[in-house]
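Below: the structure, in structure tokens.
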Amino acid sequence: MDVIEVAGLHKRYGEVVAVHDVGFTVARGEVFGILGRNGAGKTTAVECVSGLRAPDRGRIGVLGLDPRRDRKRLRQVLGVQLQEAVLPDALRVGEAVALYRSFYRDGADPDRLLADLGLTEQKRTPFGALSGGQAQRVSIALALVGNPRVAVLDELSTGLDPRARREIWALVERIRDSGVTVVLVTHVMAEAERLCDRIAVLDAGRVLALDTPAGLVERAGLGQRVRLRPLAPFEHALLADLPGVTGVGADGAEVVVTGTGDLLAAVSSALARYGIAATGTRLERPGLEDAFLELTGRGAAEVA
């Protein structure tokens with residue numbers, strides 16, 4: 001059963017079209033990702049879904065509620081974690097969670113929620129004294145303190161160190177396992193690949209593709225890659241004629257062979273047969289980042 005339905009969503013800011021006829025559905029219990037570089041329209045789309053921003057046109061339903069017309073009712077079943085948690089520096093964590101709990105008829109127990117999120121020791125800590133990961137946990141706590149059926153998490157791991165990022169990812173998995181439907185907005189490929197059941201790829205305000213992470217990789221049709229660093233130049237045609245090879249090119253000092261089948265064995269055999277000495281020979285399978293770059297036609301520097 002779909003808990004979110006979006007059709008024909010359009011939003012313009014002056015001459016800039018932030019979201020152009022976007023449509024998608026989110027199933028109950030799903031982690032649904034909205035993936036795109038900065039400025040792709042991700043945050044605008046979820047702000048419209050959450051009732052925080054009015055679309056110019058389009059139809060949105062969340063648990064059968066209209067985000068604008070039924071805003072008060074929606075707030076009781078929808079939790080939102082925005083890009084940056086902004087609270088007064090002197091406000092203590094426990095005070096913030098208790099305050100937000102008072103906004104809901106049937107909210108969570110603040111102490112239990114803090115324990116579930118690993119924040120018990122920070123209950124009396126002022127917000128301004130928290131680390132980045134702790135501040136993100138507090139932001140998520142505020143989104144969950146109303147016992148929502150749907151949670152929108154926007155760029156929740158931006159700026160975190162690798163350990164804190166993985167802790168936040170594990171937290172999202174626990175939220176999903178508790179029965180909450182999650183909409184995850186991100187431009188972090190590893191985050192989307194690990195957490196999301198399906199992903200809508202947004203670019204310039206449009207949905208370019210919508211599929212599972214594996215489905216997006218398959219749709220991009222990139223095949224495998226073998227990378228090697230030859231000790232001396234050689235004719236690339238020696239590898240280009242191998243069965244299953246679709247291309248041979250240079251990436252700095254490395255040679256990159258793309259293709260299908262048992263590509264690594266084929267390349268390794270050819271190197272031995274022709275007496276080509278090389279180091280660092282390895283097989284790479286395409287991932288979500290590769291698919292994203294292929295689908296959007298953008299360079300890696302433009303993703304973040």
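- Atom CD of Glu193 is separated from atom CD of Glu289 by 9.5 Å, given to the nearest 0.5 angstrom.
- At a cut-off of 3.5 Å, with distance as the only test, a side-chain donor of Arg206 or His20 sits close to an acceptor on the other residue.
- The ring pair (Phe, Tyr, Trp, His ring centres under 6.0 Å) contacts involving residues 221-242 comprise Phe234-His236, where partners must be two or more places apart or lie in separate chains.
- Residues Ala270 and Leu242 come closest through the heavy atom pair CB-CD1, 3.7 Å.
- Residue pairs meeting the ring pair (Phe, Tyr, Trp, His ring centres under 6.0 Å) criterion with at least one partner in residues 35-55, sequence neighbours excluded, do not occur; the list is empty.
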Problem - Val201/Leu210 under side-chain contact (heavy atoms from CB on, under 4.5 Å): CA gap, chis, key distance, verdict - result: CA-CA 6 Å; Val201 177; Leu210 198 165; over 6 Å; no
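- The ring pair (Phe, Tyr, Trp, His ring centres under 6.0 Å) pairs that include a residue from residues 63-82 number zero, where partners must be two or more places apart or lie in different chains.
- If you check the side chains of Asp154 and Thr43, you find a donor sitting under 3.5 Å from an acceptor.
- The salt bridge (Lys or Arg N to Asp or Glu O under 4.0 Å) contacts involving residues 262-277 comprise nothing, where partners must be two or more places apart or lie in separate chains.
- Residue pairs satisfying the side-chain hydrogen bond (donor to acceptor under 3.5 Å, both in side chains) criterion with at least one member in residues 245-254, sequence neighbours excluded, are listed as follows: Arg227-Asp251, Arg227-Glu254, Thr246-Thr258, Glu254-Arg282.
- Distance alone, capped at 3.5 Å, places no donor-acceptor pair between the Ser157 side chain and the Arg165 backbone.
- When atom types are taken as modelled, the side chain of Asp197 and the backbone of Glu30 share no donor-acceptor pair closer than 3.5 angstrom.
- For Arg166, the CZ atom counts as loosely surrounded, since its 6.0 Å shell holds 12 or fewer non-hydrogen atoms of other residues, nucleotides or ligands.
- Applying the ring pair (Phe, Tyr, Trp, His ring centres under 6.0 Å) test to residues at least two apart or on different chains, none of the pairs has a partner in residues 36-58.
- Sorted by first and then second residue, the salt bridge (Lys or Arg N to Asp or Glu O under 4.0 Å) pairs with a member in residues 167-192 read Arg137-Glu167, Glu173-Arg194; sequence neighbours excluded.
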Handout entry: Chi angles and distances behind the side-chain contact (heavy atoms from CB on, under 4.5 Å) call for Leu208, Leu202
Key = CA-CA 6 Å; Leu208 294 185; Leu202 262 64; over 6 Å; no
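- To the nearest 0.5 Å, atoms CG (Leu130) and CD (Gln136) are separated by 11.0 Å.
- Checked against ring-ring contact (aromatic ring centres under 6.0 Å, His included), Phe103 has the following partners two or more places apart in sequence or in another chain: Tyr100.
- The shortest side-chain heavy-atom distance between Ile60 and Asp66 does not fall under the 4.5 Å cut-off.
- Under the rule for a side chain to side chain contact (heavy atoms under 4.5 Å, CB included), the partners of Ala192 that lie at least two apart in sequence or sit in another chain are Leu35, Thr186, Cys196, Ile199, Leu288.
- With sequence neighbours excluded, the residues forming a side-chain hydrogen bond (donor to acceptor under 3.5 Å, both in side chains) with Arg57 are His10, listed by chain and number.
- Taking Ala209 as the reference, Leu216, Arg219, Leu295 meet the side chain to side chain contact (heavy atoms under 4.5 Å, CB included) condition, with sequence neighbours excluded.
- Applying the side-chain hydrogen bond (donor to acceptor under 3.5 Å, both in side chains) test to pairs two or more places apart or on separate chains, those with a residue in residues 116-125 are Asp111-Lys123.
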